[in-house]
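Just below is one structure, and these are the notes that go with it.
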Amino acid sequence: MSEALSSNSRAVARHSRLFAAMLALALLSACTVGPDYVRPAQDTGLVYKAEKVDGWVQARPGDDLSKGNWWERFNEPILNDLMVQLNASNQNIAQAVARYDAARALSAQARSGFFPVLGSGAGYDRSGGSNRSGSSQYDLSGSLNWELDLWGKIRRQVQGQQAAQQASAADLANVRLSMQSELAQSYFTLRMIDEQKRLLERTLQAYERSLRMNQNRYAQGVSARGDVVAAMAQVNNARAQAIDIEAERARTENAIAVLTGQLPASVNIAPMAFEVTVPAVPVSVPSTLLQRRPDVASAERRVAQANADIGVAQSAWFPDLRLNLSGGLQAATFSDWVSSPLNFWSLGPALAMTLLDGGARTASINYAKASYQAEVAGYRQTVLTALQEVENAISSLSVLNRELEVQLQALVASRESLQITRNQFEAGLIDYLSVVQVETSAYAAERTALQLENQRLNTAVELIKALGGGWREQVTP
């Protein structure tokens with residue numbers, strides 16, 4: 001018995017040394033097939049075309065948008081509180097977080113391919129027949145299997161999953177930025193709706209005073225019935241617009257509730273005086289978009305993942321080498337099973353290679369290369385779209401600033417014209433239809449000014465979003 005044990009031990013030792021030597025040789029000879037990743041070249045230009053537009057703000061060194069709470073530039077405490085709620089409860093963000101967690105799990109799963117797989121098993125078997133007595137067999141075994149990464153297949157898989165994880169992180173940042181900008185725009189729209197409602201209330205009060213005045217003048221025989229009817233129509237039109245504004249406000253408030261992950265019925269944002277504050281948004285050179293924009297980073301990481309997939313596909317042309325070690329105990333009785341030493345084992349490499357597959361491997365490589373080219377084109381298109389969005393936002397904001405300046409001048413003139421016309425009517429120099437026309441024009445000028453203010457606020461948010469907004473992470477290959 002001792003001689004058998006000694007023989008088994010010596011054999012295991014010899015094969016263990018052979019196993020270690022083969023492992024060292026395999027690791028020394030390992031290589032990585034497939035192309036190494038290089039970020040696709042993409043020209044972004046040196047400056048924006050909108051640099052020539054009045055109102056464009058050139059960022060100075062160190063003067064950049066905060067990558068944190070960018071909305072605080074607008075100095076709105078209620079908006080700040082809503083953003084906290086959005087970041088904690090928005091379901092689109094929660095979905096993106098879950099997808100990022102899934103990408104992290106896949107990355108960890110890919111890394112597990114670097115390590116051996118250890119397994120074990122135990123069994124009991126009872127057999128018998130008509131010509132022999134029954135017998136029992138107890139088994140206890142263990143195994144160690146390790147696929148050596150000779151050609152870099154596992155390394156490419158890990159690279160691809162790491163790139164996918166980074167892309168998912170950028171996707172999460174992009175969803176968060178999109179939801180934040182949508183909330184900011186909805187909030188500013190709500191405040192401007194309140195301003196329009198206050199304007200309409202003041203206008204309606206003026207119309208009602210005019211209606212009462214015309215009714216009194218008609219009763220005294222000074223005004224015609226047509227003046228009373230015109231004033232009454234003006235009042236009812238204003239009341240109808242007030243009802244429409246209430247519906248618009250409810251829709252906007254409900255949108256804010258959903259963005260912050262709350263039931264529409266549970267959110268009530270009280271009207272308040274709103275002073276428009278449009279912060280200056282410094283704009284850096286175009287190349288900074290490649291670092292700031294999360295959608296650009298995501299597209300670039302998808303290119304890296306597709307590049308790694310080419311290496312995985314090309315590794316199929318090379319043989320797989322597995323190192324297998326197994327051993328165990330076998331005994332006819334449980335007591336022998338417990339007291340017996342290792343009585344069977346095996347140790348050795350296994351080499352496997354596909355010789356004929358009907359062109360499947362070639363097709364797989366072609367597919368991986370085509371997918372890579374598609375991702376490269378998608379990346380470049382994303383960069384171009386990002387540049388377009390920045391150019392559009394800069395130009396629009398500059399135009400709105402100039403347009404509002406002119407509109408405010410027109411508003412001053414409209415108010416003065418309205419006062420003169422009302423004085424003329426009260427003096428009996430003109431009929432009320434002339435007043436109605438001027439009042440309508442003055443109200444339209446007031447409302448247009450508010451709409452331009454709202455557009456300026458929303459365009460400033462769009463510019464911040466186009467520049468990468470509050471993205472904290474910079475994903476690099």
Which value, rounded to the nearest 0.5 Å, describes the distance between Glu403 atom CD and Ser396 atom OG? 10.5 Å

Between Ala460 and Leu397, which heavy-atom pair has the shortest distance, and what is it? N-CD1, 4.2 Å

Sequence neighbours excluded, every pair satisfying side-chain hydrogen bond (donor to acceptor under 3.5 Å, both in side chains) that has a member inside residues 254-265: Thr260-Gln262

Neighbour count above 12 (heavy atom, 6.0 Å) for Arg104 CZ: no

Please walk me through it: do Thr252 and Tyr187 pass side-chain contact (heavy atoms from CB on, under 4.5 Å)? CA-CA 8 Å; Thr252 305; Tyr187 176 79; over 6 Å; no

Would you check if Met272 and Asp194 make a side-chain contact, meaning some heavy-atom pair closer than 4.5 Å? no

With a 4.0 Å cut-off on N to O distance, would you call Arg191 and Glu195 a salt bridge? no

Gap between atom CG of Leu86 and atom CD of Gln91 - 0.5 Å precision: 10.5 Å

Does a side chain donor of either Gln85 or Ser89 reach within less than 3.5 Å of an acceptor in the other side chain? yes

Side-chain heavy-atom pair Leu452, Gln455 within 4.5 angstrom cut-off: yes

State which residues pass ring-ring contact (aromatic ring centres under 6.0 Å, His included) with Phe74; sequence neighbours excluded, sorted by chain then number. Phe188

Stepwise, does the side-chain hydrogen bond (donor to acceptor under 3.5 Å, both in side chains) test hold for Asn90 with Gln180? CA-CA 10 Å; Asn90 181 271; Gln180 290 169 349; over 6 Å; no

Does the Arg176 side chain pair with the main chain of Ile93, one donor and one acceptor, at a distance under 3.5 Å? no

Look only at the side chain of Ser364 and the backbone of Ala360, and say whether a donor-acceptor pair between them is shorter than 3.5 Å. no

Side chains of Phe115 and Ile154, heavy atoms from C-beta outward: is any pair under 4.5 Å? no

Rounded to the nearest 0.5 Å, what separates atom CD in Gln162 from atom CD in Gln157? 12.0 Å

Write out all pairs satisfying side-chain hydrogen bond (donor to acceptor under 3.5 Å, both in side chains) with one or both partners inside residues 307-321, taking only residues at least two apart or from two chains. none

Answer yes or no: is there a donor N or O on one side and an acceptor on the other, between the side chain of Thr189 and the main chain of Gln185, under 3.5 Å? yes

Could you list the residues that satisfy ring-ring contact (aromatic ring centres under 6.0 Å, His included) with Phe274, not counting sequence neighbours? none

So, the side chain of Gln165 versus the backbone of Ser107: is there a donor-acceptor pair under 3.5 Å, distance only? no

Can you run down the side-chain hydrogen bond (donor to acceptor under 3.5 Å, both in side chains) pairs that involve residues 377-389, sequence neighbours left out, and say none if there aren't any? Arg293-Glu389, Gln381-Thr385

Could you tell me if the side chain of Glu76 sits less than 4.5 Å from the side chain of Trp71, heavy atoms only? no

Under the rule for salt bridge (charged side-chain N to carboxylate O under 4.0 Å, His left out), what residues qualify as partners of Arg361, not counting sequence neighbours? Asp357

Over all atoms of both residues, closest heavy-atom pair of Ala164 and Ala103: O-CB, 4.3 Å

Which residue, Arg302, Arg301, Gln305, forms the side-chain contact (heavy atoms from CB on, under 4.5 Å) with Glu375? Arg302

Any heavy-atom pair between the side chains of Asp171 and Arg99 that's under 4.5 Å? no

Step by step, work out the side-chain contact (heavy atoms from CB on, under 4.5 Å) result for Ile269 and Leu82. CA-CA 10 Å; Ile269 302 175; Leu82 289 172; 4.2 Å; yes

Rounded to the nearest 0.5 Å, what's the gap from CZ on Arg251 to CD on Glu248? Could you check? 6.0 Å

Indicate the atoms forming the closest heavy-atom contact of Trp70 with Ala184, along with that distance. CH2-CB, 4.1 Å

Look at the side chain of Ser395 and the backbone N and O of Asn392, then say whether any donor-acceptor pair between them is shorter than 3.5 Å. no

To the nearest 0.5 Å, tell me how far Asn454 CG sits from Leu190 CG. 10.0 Å

Going by heavy atoms in the side chains, are Pro116 and Asn145 under 4.5 Å from each other? no

For the CD atom of Gln196 and the CG atom of Leu199, what is their distance to the nearest 0.5 Å? 7.5 Å

Would you say the side-chain atoms of Arg292 pair up with the backbone N or O of Leu467, donor to acceptor, closer than 3.5 Å? yes

Asn174 side chain to Ala170 main-chain N or O, any donor-acceptor pair under 3.5 Å? no

Identify whether the distance between the nearest side-chain nitrogen and carboxylate oxygen of Glu462 and Lys465 falls below 4.0 Å. no

After noting the C-alpha distance and the side-chain angles of Asn366 and Thr362, does the key distance pass the side-chain contact (heavy atoms from CB on, under 4.5 Å) rule? CA-CA 6 Å; Asn366 291 338; Thr362 300; 3.7 Å; yes

Going through the checks in order, is the side-chain contact (heavy atoms from CB on, under 4.5 Å) test met by Asn69 and Met83? CA-CA 9 Å; Asn69 301 341; Met83 284 293 181; over 6 Å; no

Using modelled atom types only, decide if a donor and an acceptor are shared between the side chain of Ser181 and the backbone of Leu177 within a distance under 3.5 Å. yes

Mind checking whether Lys197 and Glu246 have side chains closer than 4.5 Å, heavy atoms only? yes

Is there a side-chain hydrogen bond (donor to acceptor under 3.5 Å, both in side chains) between Gln241 and Asp244 once you walk through the steps? CA-CA 5 Å; Gln241 291 180 29; Asp244 183 67; over 6 Å; no

Search all heavy atoms of Ala257 against all heavy atoms of Val267 and return the closest pair with its distance. CB-CG2, 3.5 Å

Atom of Val296, atom of Ala386 and distance for their closest heavy-atom approach: CG2-CB, 4.1 Å

Considering non-hydrogen atoms only, spot the tightest contact between Pro40 and Val303 and give its length. CG-CG1, 3.7 Å

Taking the side chain as every heavy atom from C-beta outward, state whether Leu384 and Gln42 have any atom pair closer than 4.5 Å. yes

Within the distance-only criterion (no hydrogens, no angle test), does the side chain of Arg156 pair as donor or acceptor with the backbone N or O of Val33 below 3.5 angstrom? yes

